[in-house]
2 protein chains.
Amino acid sequence: MTINKNCIIRLSRYKNALYRLKNLGFVKVFSDNLADAVGVLPSQVRKDFSLFGLTGNRRGGYNIDELIESLGNILGKDKVHEVIVVGAGNIGTALMNYKGFEQEGINLVACFDIDPAKQKKASGMPVFPLEELKDFVKQRSVRIGIIAVPDIAAQQVLDIMISAGIKGILNFAPIRLRGPEDLVVNNINVELELENVIYFVNALRKTRGK
Amino acid sequence: MTINKNCIIRLSRYKNALYRLKNLGFVKVFSDNLADAVGVLPSQVRKDFSLFGLTGNRRGGYNIDELIESLGNILGKDKVHEVIVVGAGNIGTALMNYKGFEQEGINLVACFDIDPAKQKKASGMPVFPLEELKDFVKQRSVRIGIIAVPDIAAQQVLDIMISAGIKGILNFAPIRLRGPEDLVVNNINVELELENVIYFVNALRKTRGK
DNA sequence: AGTTTTTTGTTATTTTTTTCACAATAAAAT
DNA sequence: ATTTTATTGTGAAAAAAATAACAAAAAACT
Ligand SMILES: NC(=O)c1ccc[n+]([C@@H]2O[C@H](COP(=O)([O-])OP(=O)(O)OC[C@H]3O[C@@H](n4cnc5c(N)ncnc54)[C@H](O)[C@@H]3O)[C@@H](O)[C@H]2O)c1
Ligand SMILES: NC(=O)c1ccc[n+]([C@@H]2O[C@H](COP(=O)([O-])OP(=O)(O)OC[C@H]3O[C@@H](n4cnc5c(N)ncnc54)[C@H](O)[C@@H]3O)[C@@H](O)[C@H]2O)c1
């Protein structure tokens, strides 16, 4: 059983689909419902579940509440996770304003920036000077951080975060970050994804005529 | 030769790494330099290049300028691509303010929103009423669009975009979009990525003791 | 009660992707 | 001019992931 990023991503998607099905009033679900909701094959759903010992009833499908609970446990939804943001620019501000994290047990607790003009402690989420990051993270044992600073600053910010005890990073800077082997880094590169969409639109136009 | 999303993503990464190397004054590059910059094995780099007929010189590596040009052609960097944004909220505004797209030949030309309070034609990028999307897109033959509206509105917005002629989507709404087979959709799901980071941080803590 | 139908859970198969391995070759060194 | 060294380009091998296949089991039906 190899822990595979795509597999965990699928678990999150199953969980989100289950929330929706539950809201729609469903009580049980079959692997092909989930497959359809997420865009994979039913055998993939059952394979993923099997990997984590998630079981249903033959001919009876899966109980949605139980499945949500089990997936929640696997994905760490049983506790609230505190997360810091570094960089109070366009992206950092968008994240701080976003209301959707709370329901997922993700709690953005503070932001840090080098620009004094961005710093504010009054209303909304506090934005502290970068120098205060280390103490804050250590004191509150924050493990997860988001990097939303320009690419040239990203590695240096990461190094500070690592020294403070951060173990997992969501990185928006379009640069490959270097860190110890046990550091978890997921990258979101908007330009790359757009460029990729453009490539495939062109590629399809070429192959499918017109 | 199967066109594979990850492979194209790697081509973009190689291209970005080459920009940096060029700025640093390098003229030629070896597969292991690129591999290191991007975080893959040298054989992967050569395999990718081989798939697209990109060649270098045995023992001489690759000429950076030539490689940038070739990758640029493959990735459609020879022309400027017009892109529209739908949803002038947190994410939409962050994207509109972002200066980095221009250098990549990506031109965000307009935004559309249903909320009259968000609409403005004066300074900066124009934000038009949603009803004007179809005409705008048809008239300018825009092919690519970004969805930055709440999840409940995303599918309905997509349908409008498709009817207007949009062929490729970058979607920020945490929902699976349905469209015709030849529609290209890349999703950016920030919560999912964060949840994933959290999972692996916890998983590592469990396996590696402490 | 027995038969049919449906859906799981898991093993086997296939496909895809990555990695290896090495001959071909060009530059550098002798 | 010959030898050594370094690096590509690609076909073969290995690894990983996805898909299919199907026996086991449980519900529904007769
Ligand atoms: N905004 C977008 O839509 C977008 C799109 C694609 C990629 N990105 C990437 O996301 C990242 C953030 O983009 P943005 O548009 O929010 O940038 P931004 O310039 O709006 O904000 C960056 C913030 O980081 C702060 N900062 C700079 N150096 C710092 C440091 N060493 N420590 C702490 N704070 C520091 C700045 O003061 C600023 O507030 C960038 O790497 C960018 O390339 C953004
Ligand atoms: N902001 C974030 O950091 C963040 C994080 C994770 C996911 N997301 C996702 O990104 C999307 C956008 O998030 P946001 O924070 O920018 O939302 P937002 O609420 O700030 O903005 C949404 C905008 O879309 C507009 N809108 C609503 N329905 C519309 C319609 N039918 N047609 C056109 N415009 C419409 C609204 O008027 C608003 O301006 C959402 O799907 C959200 O779940 C955002």
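What you see below is based on every heavy atom in this structure, not just the backbone, and it leaves out hydrogens, waters and symmetry mates. The model shown is predicted, which means the values in this text are computed figures rather than measured ones. Sequence lines set the chain letters: A, B, ... in the order given, protein chains first and strands last, and positions in each chain run from 1.
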Here's a test for you: under side-chain contact (heavy atoms from CB on, under 4.5 Å), which of L24(A), I68(A), I64(A) qualifies with Y19(A)? I68(A)
Between R59(A) and T55(A), the residue closer to the 5' end of DNA chain C by nearest nucleotide is R59(A)
Looking at R58(B), I'd like to know whether one of its side-chain N or O atoms comes within less than 4.0 Å of OP1 or OP2 on dA23(C). no
I need the CG-C1' distance between N6(A) and dA16(D), as an integer number of Å. 11 Å
Integer-rounded Å distance: dA17(D) C1' and R46(A) CZ: 16 Å
With respect to the side chain of L41(B), which nucleotide from dA21(C), dC20(C), dC22(D) is positioned closest? dC20(C)
I need the CZ-C1' distance between R10(B) and dT19(C), as an integer number of Å. 12 Å
Could you tell me how the ring of F112(A) sits relative to the ring of F128(A): parallel (under 30°), tilted (30 to 60°) or perpendicular (over 60°)? tilted
What is the separation between atom CD on Q44(B) and atom P on dA16(D), rounded to the nearest whole Å? 14 Å
Distance check needed: dA17(D) P versus L11(A) CG, whole Å only. 14 Å
For G56(A) and for S43(B), locate the closest nucleotide of DNA chain C by heavy-atom distance; then report the residue assigned to the nucleotide nearer the 5' terminus. G56(A)
Just do the side chain to side chain donor-acceptor pair (under 3.5 Å) check on N196(A) and N186(B) with the steps written out, would you? CA-CA 8 Å; N196(A) 195 253; N186(B) 278 10; 3.1 Å; yes
Can you figure out which of dT19(D), dT8(C), dC22(C) approaches the side chain of F30(A) most closely? dT8(C)
Using a cut-off of less than 4.0 Å, is there contact between a side-chain N or O of S50(A) and OP1 or OP2 of dT10(C)? yes
Here's a test for you: under side-chain contact (heavy atoms from CB on, under 4.5 Å), which of L108(B), V109(B), I146(B), I144(B) qualifies with I84(B)? V109(B)
Is there, by distance only and without an angle test, a donor paired with an acceptor across the side chain of K47(B) and the base of dT10(D) below 3.5 Å? no
Categorize N4(A) for me: base, sugar-phosphate, or nothing, with a 4.0 angstrom heavy-atom threshold over every strand shown. sugar-phosphate
Whole angstroms only, please: what is the CD1-C1' distance between I8(B) and dT17(C)? 14 Å
Any side-chain N or O of S31(A) under 4.0 Å from OP1/OP2 of dT8(C)? yes
Just how far, in rounded Å, is C1' of dT8(C) from NZ of K28(A)? 12 Å
For F49(A), which contact category applies under a 4.0 Å heavy-atom criterion: base, sugar-phosphate, or nothing? nothing
Q155(B)/D159(B) under side chain to side chain donor-acceptor pair (under 3.5 Å): CA gap, chis, key distance, verdict: CA-CA 6 Å; Q155(B) 182 65 53; D159(B) 295 340; 2.9 Å; yes
Nearest whole angstrom, please: distance from the P of dT8(C) to the CG of L51(A). 17 Å
